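Heads up: the structure comes next, in C-alpha cells.
Nothing fancy with the numbering, it's 1 onward along the sequence. Here the structure is a predicted model, which means the values were calculated and not measured. Every heavy atom of this structure was used, including side-chain atoms; hydrogens, water molecules and symmetry mates were not.
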Amino acid sequence: MNEELMKVPVVELVYRNNTKPSKRYKIVTAKDVHELLVSPFKDTIEHHISTRVILLNGRNQVLGISTISEGALSYNITDIRFIVQLAALSNCKSLIVCVNQPSGDIEPTKQDDELVQQVKIALSYIDVDLLDHVLYYEEGYYSYSANGKL
C-alpha cells in the first residue's frame with residue numbers, strides 16, 4: 001500500500017485531574033460559581049466575552065473549568081459541539097455554562113435563551129445535566145437556575 005496514504009494525523013483527547021476528591025471545590029449556589037470564576041479570570045472579565053464550562057461530578061464538585069470560546073467585546077459564538085466533547089471527555093455528571101459580560105449587562109438575551117435550550121438538548125443525548133447557565137461580571141451575576149429559567 002502507498003505509504004503516503006497511510007500518513008494520518010493522530011487525535012488525542014486528554015483529561016487530567018490531579019485534585020483529590022476531598023479537596024475539590026463544591027458548587028451549591030450560583031454565588032459559588034461567581035466566586036470560582038471572578039478571581040482567576042479577573043484580567044479578562046471586562047476585556048472580552050468568554051464562554052467557560054464548569055464540569056461537575058455527581059456531588060457537584062468541580063472536575064475542571066475549560067474556556068470553550070472567546071469573542072469580541074460585544075459578541076461571542078459558542079459551539080455546542082465543544083461543550084458536548086468536554087462533557088464526554090471528563091465523564092462529568094453535570095455542567096454549568098458561564099459567559100462573562102464585559103459591559104456588566106447580565107440580563108439574558110434571546111441568544112442566551114436559545115443557547116441554553118440547544119445545550120440542554122445536546123447534553124441529554126449523553127446523559128449529562130445542564131445545571132445552570134450563568135452570565136456574570138466582576139460585581140454580579142445572573143443564574144438561569146436561580147431564576148427558574150432552566
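Within the 4.5 Å cutoff, side-chain heavy atoms of L63 are placed close to those of R24. Two residues are said to be in side-chain contact when any heavy atoms from C-beta on lie closer than 4.5 Å; L95 and L86 fail this criterion. In this structure, the side chains of L56 and V62 come closer than 4.5 Å at one or more pairs of heavy atoms. No side-chain heavy atom of N60 sits under 4.5 Å from any side-chain heavy atom of V28. Considering only heavy atoms from C-beta on, D79 stays 4.5 Å or farther from S69 through its side chain. Side-chain contact between I106 and V134 is absent, with no heavy-atom pair separated by less than 4.5 Å. For the pair L37/N100, no side-chain contact is recorded, criterion being any heavy-atom separation below 4.5 Å from C-beta on. You'll find the side chain of K120 reaches within 4.5 Å of the side chain of V116, heavy atoms only.
Once rounded to the nearest 0.5 Å, the distance linking OG1 of T29 with CG of D32 reads 3.5 Å. Separating the CD atom in Q85 from the CD1 atom in I83 is a distance of 11.0 Å, to the nearest 0.5 Å. Put simply, OH on Y136 and CD on E35 are 13.5 Å apart, with the number rounded to the nearest 0.5 Å. Taken to the nearest 0.5 Å, the CD1 atom of I80 stands 5.5 Å off from the CG atom of L115. Between the CD atom in Q111 and the OG1 atom in T78 there is a gap of 11.5 Å [rounded to 0.5 Å]. If you take CD1 on I27 and OG on S94, they are separated by 9.5 Å, rounding to the nearest 0.5 Å.
In terms of heavy-atom proximity, P108 sits nearest to L135 at CA-CD1, 3.7 Å. Taking both residues in full, the closest heavy atoms of V128 and C92 are given as CG2-O, 3.6 Å, listed atom of the first, atom of the second, then distance. Closest non-hydrogen pair, Y137 versus Q101, comes out as CB-O, 3.4 Å. Nearest heavy atoms, L150 versus L130: CD1-O, 3.6 Å. Of all the heavy atoms in K26 and R59, the pair that sits closest is CE-O, 3.2 Å.
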- Please assess C98 against V33 for the test side-chain contact (heavy atoms from CB on, under 4.5 Å), listing each intermediate value before the final yes or no. CA-CA 8 Å; C98 309; V33 172; 3.7 Å; yes
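The local environment of NZ in K149 is crowded, with over 12 non-hydrogen atoms from other residues, nucleotides or ligands closer than 6.0 Å. More than 12 heavy atoms of other residues, nucleotides or ligands shown are found within 6.0 angstrom of OH on Y25.
Put simply, the side chain of D132 never gets that close to the backbone of I96: no donor and acceptor are under 3.5 Å apart. Of the possible donor and acceptor atoms, none in the side chain of S66 sits under 3.5 Å from a partner among the backbone N and O of I68. A donor-acceptor pair under 3.5 Å is absent between the side-chain atoms of D113 and the main chain of K110, judged by distance alone. A distance-only check finds no donor-acceptor pair linking the side chain of D129 to the backbone of L131 [under 3.5 Å].
Using cut-offs of 30° and 60° on the angle between ring planes, the pair Y144 and H133 is perpendicular.
If you check the side chains of Q61 and N57, you find a donor sitting under 3.5 Å from an acceptor.
One hydrophobic cluster, built from ILVMFWY side chains closer than 4.5 Å, holds both L55 and L89. Under a hydrophobic clustering in which Ile, Leu, Val, Met, Phe, Trp and Tyr are joined whenever their side-chain heavy atoms come within less than 4.5 Å, directly or via other members, I126 and V53 fall into the same cluster.
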